[in-house]
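Nothing fancy with the numbering, it's 1 onward along the sequence.
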Amino acid sequence: MKLLDKVNSPKDIKQMNISSLNVLCKEIREFLVNSVSKTGGHLSSNLGICELTVALHYSLNSPEDKIIWDVGHQAYVHKILTGRKNNFGMLRQLNGLSGFPSPKESPHDSIKVGHSSTSISQAFGIAVGRDLSGDNYNVVAVVGDGSITGGLTYEAMNNAGQSNTNMIVVLNDNQMSISGNVGSISRHLNDIRINPRYVATKSNISKIVRSVPLVGKPLNKALEKTKNSLKYLLVPGVIFEELGFKYIGPINGHNLAELISVINQAKKMNGPVLLHVYTKKGKGYIHSEISPSKFHGIEPFDVKSGNISKQKLEDSYTDVFSNTLLKIAEKNDKLVAITAAMPDSTGLEAFSKKYPKKTFDVGIAEGHAVTFAAGLSKSGYIPVFAVYSSFLQRSYDQIIHDVCLENRHVIFAIDRAGIVGSDGETHQGLFDLSFLSHIPNMVVLAPKNKIEFEKMFEFCSHHGGPISIRYPRGMASTVLNEHVEDISLGKSETIFKGEKIALVSFGAMMDNAYKVYEMLKNSGYSPTLINARFLAPIDLEMVKSLSKHEYVFSFEDNLEVGGFGSALLSASNIKNFYNFAFPKEFIPHGTREQLFDIYGLSTEKMYKKIIEIIEV
């Protein structure tokens, strides 16, 4: 029997010796590779954090002690050790195991999390609450070196460091976020990691200074107080020390004995402590070690070859964005691109190779990305910020204050808009229409298919003010490619003129809306089919034309509150109106098709609903 078969809770590993724990880590890696190869998921980050997770659960008493995972996609090993390994066959599938920590699943998951740089703030809040209540348990935040580039991390450390609150921050340093890390923080960590003199210096410097006759002790105190001290040349992690954290590291994140010893030491220390642990992303599976970014979040794959099982046959919307950006850049030398640590995932890889000086990776710092883009625009450039819908949420104030208030020409290329599927609640792109469309000066548009996307992006490059183009995850539609008129600001496109019934679709929902149109035609009706194109500004002439119809139905992959349907209704006096959209809920994980069906947005259910309304 494998050791892993005996592990159903953290208590089961506490009686194992170091040799057995190392064998357990090997078995966990094998389990992860085999399991994720069938379901898809975040693999390389979890392979790299295996020993660290085992050491944490060996040294702590979860769920009494709280482990806060930053981002959360690296919590698979944690889930395995806390009684959920038998559920991995349904990982990230409808009604199955979430790919992120979820308190609904287990008391061992302290918080629901899917975005980066939040763990230290959460951990500090929990630790302060513990102290106020007079409780006694450990609080540990596990943050990656990618997440630690986020500004929220330093707001939290600045706050926590000036307190005397007991908490531990584990910096899991694998030199990667999704793509390779960038910036001065990354360079600082790399300096610590590769310079062997750092390892011994911190423990020896005080001893050496103290040994100086007569002046040793006063000098040591002076060194601790002054910023122009020797420690700035020699001591690792000085940035964390200055923020008020006791720094321990760097620590080999694959040495269980060392990890357990250091964690136990940190538990005894007063005040906030930071453990700098370096790990290898993708460790233990050759293909993920070679290509950790590829296996960060991967579809089902063949274990032996590492190849994705289902190869795509057509261009995705991300691919179309990538190709179109290059074409426009050839004609417009003012075009520049910005990413928040996701150049590959957002389609900027090709652009960055051809135009390296015009591509800016700002790290996991979406708010800074937007304000930085505003500055570039002020200098006469046209910045394109390529970002997932759910991550754009993190920069709301900067969009209003720094871009729209001054009407700066910034293009927001919003990928993964609408339902993203298996990543679930924290990643669904269902809010962007609602939080963007009411901002003055912001133009919001969405294409119905591949050809229209190319034309719309060309329009974006000439617009002259803030403009957002949003598109979904997955293959670019070819439905109605023969019906693509030129793009004019705030103008919709009437694809088929009819009577009595009007179907008004926004963006990617045209695939389903067109099928509903055909089903109604086959049932003897002659509906009008309109491609809205713009939400802000909305086409008022189109809105006025809807009054000629007895029934109007709108289609969008956004929350029903504040989205396209809301704008359409507020701009009209339509009486018999129905909006097909998602309810005001956090939508769980599942495939796009499954979720559309559950929430009444599948072709069949929308057609049935329309028939029920018009045949009353």
Side-chain angles (χ1 to χ4, degrees), residues 71-73 75 87 90-106 109-115 118 122 387-396 414-438 444 446 468 470-474 504-509 511-513 516 532 535 553-570 577-610 612-613:
V71 182
H73 58 237
N87 299 326
M90 288 290 288
L91 177 68
R92 301 166 81 240
Q93 298 179 41
L94 185 67
N95 299 321
L97 199 65
S98 171
F100 299 86
S102 175
K104 295 178 183 177
E105 283 183 6
S106 171
D109 293 359
S110 299
I111 61 169
K112 179 74 176 179
V113 62
H115 293 182
T118 64
Q122 291 263 21
V387 60
Y388 285 6
S389 172
S390 62
F391 299 151
L392 184 62
Q393 298 163 187
R394 296 159 65 90
S395 57
Y396 184 62
I414 307 174
D415 202 337
R416 304 308 200 268
I419 289 294
V420 298
S422 53
D423 283 336
E425 295 167 307
T426 58
H427 284 62
Q428 309 287 21
L430 298 173
F431 302 94
D432 55 273
L433 296 184
S434 301
F435 71 73
L436 289 173
S437 60
H438 65 270
V444 181
S468 299
R470 54 110 67 179
Y471 43 98
R473 182 179 190 176
V504 189
S505 176
F506 185 76
M509 286 297 288
D511 278 29
N512 283 9
V516 171
L535 167 53
F553 300 90
S554 67
F555 305 79
E556 64 184 299
D557 53 348
N558 189 80
L559 291 190
E560 59 188 358
V561 178
F564 174 73
S566 295
L568 184 61
L569 186 60
S570 67
F577 174 78
Y578 190 89
N579 179 29
F580 288 105
F582 284 92
K584 189 179 177 181
E585 298 175 11
F586 290 109
I587 308 301
H589 55 278
T591 67
R592 183 179 174 89
E593 293 75 19
Q594 288 171 334
L595 295 174
F596 270 43
D597 186 65
I598 289 171
Y599 290 94
L601 300 180
S602 64
T603 301
E604 294 75 16
K605 287 190 175 180
M606 289 194 296
Y607 168 75
K608 183 178 179 181
K609 183 68 176 180
I610 290 172
E612 288 177 359
I613 292 172

Can you give me the closest heavy-atom contact between [X] and [Y], atom names plus distance?
X      : Y      : answer
Gly565 : Phe577 : O-CZ, 3.7 Å
Phe582 : Leu430 : CD1-CD2, 3.8 Å
Ala417 : Asp432 : CB-OD1, 4.0 Å
Asn558 : Ser434 : ND2-OG, 3.0 Å
Pro101 : Ala75  : CG-CB, 3.9 Å
Phe100 : Val71  : CD2-O, 3.4 Å

[atom1]/[X] to [atom2]/[Y] distance, rounded to the nearest 0.5 angstrom?
X      : Y      : atom1 : atom2 : value
Glu560 : Ser554 : CD    : OG    : 10.0 Å
Ile587 : His427 : CD1   : NE2   : 16.0 Å
Leu595 : Asp557 : CG    : CG    : 12.0 Å
Asn512 : Glu593 : CG    : CD    : 9.0 Å
Arg470 : Ser468 : CZ    : OG    : 10.5 Å
Glu585 : Leu559 : CD    : CG    : 9.0 Å

Taking side chain as C-beta onward, heavy atoms only, is [X] less than 4.5 Å from [Y]?
X      : Y      : result
Phe506 : Leu433 : yes
Met90  : Leu97  : no
Arg592 : Pro472 : yes

For this session: Hey, can you tell me if Tyr396 and His438 have their rings parallel, tilted or perpendicular (30° and 60° cut-offs)?
Result: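 Tilted.
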
Exercise. Should the ring pair His115 and Phe391 be called parallel, tilted or perpendicular, given that the plane angle runs from 0 to 90° and is split at 30 and 60?
Worked result: perpendicular

Exercise. Can the ring centroids of Tyr599 and Phe580 be said to lie less than 6.0 angstrom from one another?
Worked result: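 Ring-ring flag for Tyr599/Phe580: false, centres at least 6.0 Å apart.
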
Exercise. Between Asp109 and Ser102, do the side chains contain an N or O donor and an N or O acceptor separated by less than 3.5 Å?
Worked result: no

Exercise. Is Arg92 salt-bridged to Asp423, cutoff N-O under 4.0 Å?
Worked result: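 Yes, this pair counts.
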
